[in-house]
Q: 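Once you've had a glance at the structure underneath, I'll fire off some questions.
Just so it is clear, the structure is predicted and the values come from calculations on it, not from any experiment.
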Amino acid sequence: MSVFLPSCAGRTLTAPSAEAGLAKAAGISGVVQVTDPFRTKDLSADRRIGYADVRFRQAAADVTRESKDALSRAMAQARDAGLRVEYGGSAMKAATKVGGPAELVGVVIAFAVLALTLGSLVAAGCR
């Protein structure tokens, strides 16, 4: 999961405001690594935007809603210090659900089209 830390209203990103939230994020159950934008130099040239990676033990699709909410709570101190906190990455995407009546209808129609096409080819070959 990615955490973007743009500062608001032309202010620069300060280490204590971001680091406190990232330190709390490191303590969330399932988190195995949190990068520090100050150490990794993931800052814009004007030091107004920072980027941190939060890596979970489980696959992105298996990150629970509780873990995502805990990360949001951990970053509250950074928000209170005037930073906008934005999240990205594959763990933040909603899980896609497969199945349902629409998919079944699509499979039936696809089968009918293929059967009709194959029947036409067989009939053309018999002449």
Side-chain angles (χ1 to χ4, degrees):
M1 180 178 304
S2 304
V3 179
F4 300 95
L5 302 163
S7 59
C8 297
R11 298 165 54 190
T12 59
L13 190 64
T14 58
S17 61
E19 285 181 341
L22 293 172
K24 285 183 182 178
I28 295 172
S29 177
V31 171
V32 294
Q33 181 185 19
V34 177
T35 62
D36 181 350
F38 299 96
R39 291 192 184 116
T40 59
K41 306 293 186 222
D42 287 332
L43 297 170
S44 62
D46 61 1
R47 299 180 62 85
R48 292 184 55 215
I49 299 173
Y51 169 84
D53 273 323
V54 178
R55 293 198 176 98
F56 288 88
R57 180 176 300 113
Q58 62 269 40
D62 298 331
V63 175
T64 63
R65 170 87 336 228
E66 291 80 21
S67 294
K68 294 174 189 177
D69 291 343
L71 178 60
S72 181
R73 286 190 303 274
M75 297 307 296
Q77 187 171 356
R79 279 191 299 277
D80 293 344
L83 299 178
R84 277 187 20 226
V85 179
E86 304 289 337
Y87 305 98
S90 54
M92 294 307 289
K93 295 179 184 171
T96 54
K97 296 186 181 196
V98 179
E103 188 169 338
L104 181 61
V105 169
V107 169
V108 169
I109 291 172
F111 179 76
V113 169
L114 286 173
L116 180 65
T117 305
L118 181 62
S120 298
L121 287 173
V122 169
C126 291
R127 289 187 177 187

Q: Quick one: list whatever passes side-chain hydrogen bond (donor to acceptor under 3.5 Å, both in side chains) with Ser72, sequence neighbours left out.
A: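 Expected list: none.
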Q: Of all heavy-atom pairs between Ser67 and Ser29, which one has the smallest distance, and what is that distance?
A: OG-O, 3.9 Å
Q: Taking side chain as C-beta onward, heavy atoms only, is Tyr87 less than 4.5 Å from Lys68?
A: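 The answer is no, as the side chains (C-beta and beyond) never meet within the 4.5 Å cut-off.
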Q: Do you know which of Val31, Val32, Val63 makes side chain to side chain contact (heavy atoms under 4.5 Å, CB included) with Val54?
A: Val31
Q: Going by heavy atoms in the side chains, are Gln33 and Asp53 under 4.5 Å from each other?
A: no
Q: Identify the two heavy atoms, one from Lys24 and one from Ala74, that lie closest to each other, and give their separation to 0.1 Å.
A: CB-CB, 3.7 Å
Q: With sequence neighbours left out, which residue pairs that include part of residues 107-122 fulfil the salt bridge (Lys or Arg N to Asp or Glu O under 4.0 Å) condition?
A: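 Those involving residues 107-122 do not exist here.
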Q: Starting at CG of Leu83, measure out to CZ of Arg48 and round the result to the nearest 0.5 Å.
A: 11.5 Å
Q: Could you give the distance from CD1 (Ile28) to CZ (Phe56), rounded to the nearest 0.5 Å?
A: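 The distance works out to 6.0 Å.
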Q: Just how far is it from atom CZ of Arg79 to atom CZ of Arg73, taken to the nearest 0.5 Å?
A: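 With rounding to 0.5 Å, CZ (Arg79) is 10.5 Å from CZ (Arg73).
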Q: Looking at CG of Leu104 and CD1 of Ile109, how far apart are the two atoms once the value is rounded to the nearest 0.5 Å?
A: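 These two atoms lie 10.0 Å from each other.
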Q: Write down the atom of Asp36, the atom of Glu19, and the distance for their closest heavy-atom approach.
A: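 Heavy atoms of Asp36 and Glu19 come nearest at OD2-OE2, 3.0 Å.
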Q: If you round to the nearest 0.5 Å, how far is CG of Leu22 from OG1 of Thr35?
A: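 Interatomic distance, Thr35 OG1 to Leu22 CG, rounded to 0.5 Å: 7.5 Å.
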Q: How many angstroms lie between atom CD1 of Ile49 and atom CG of Asp42, to the nearest 0.5 angstrom?
A: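 Answer rounded to 0.5 Å: 12.5 Å.
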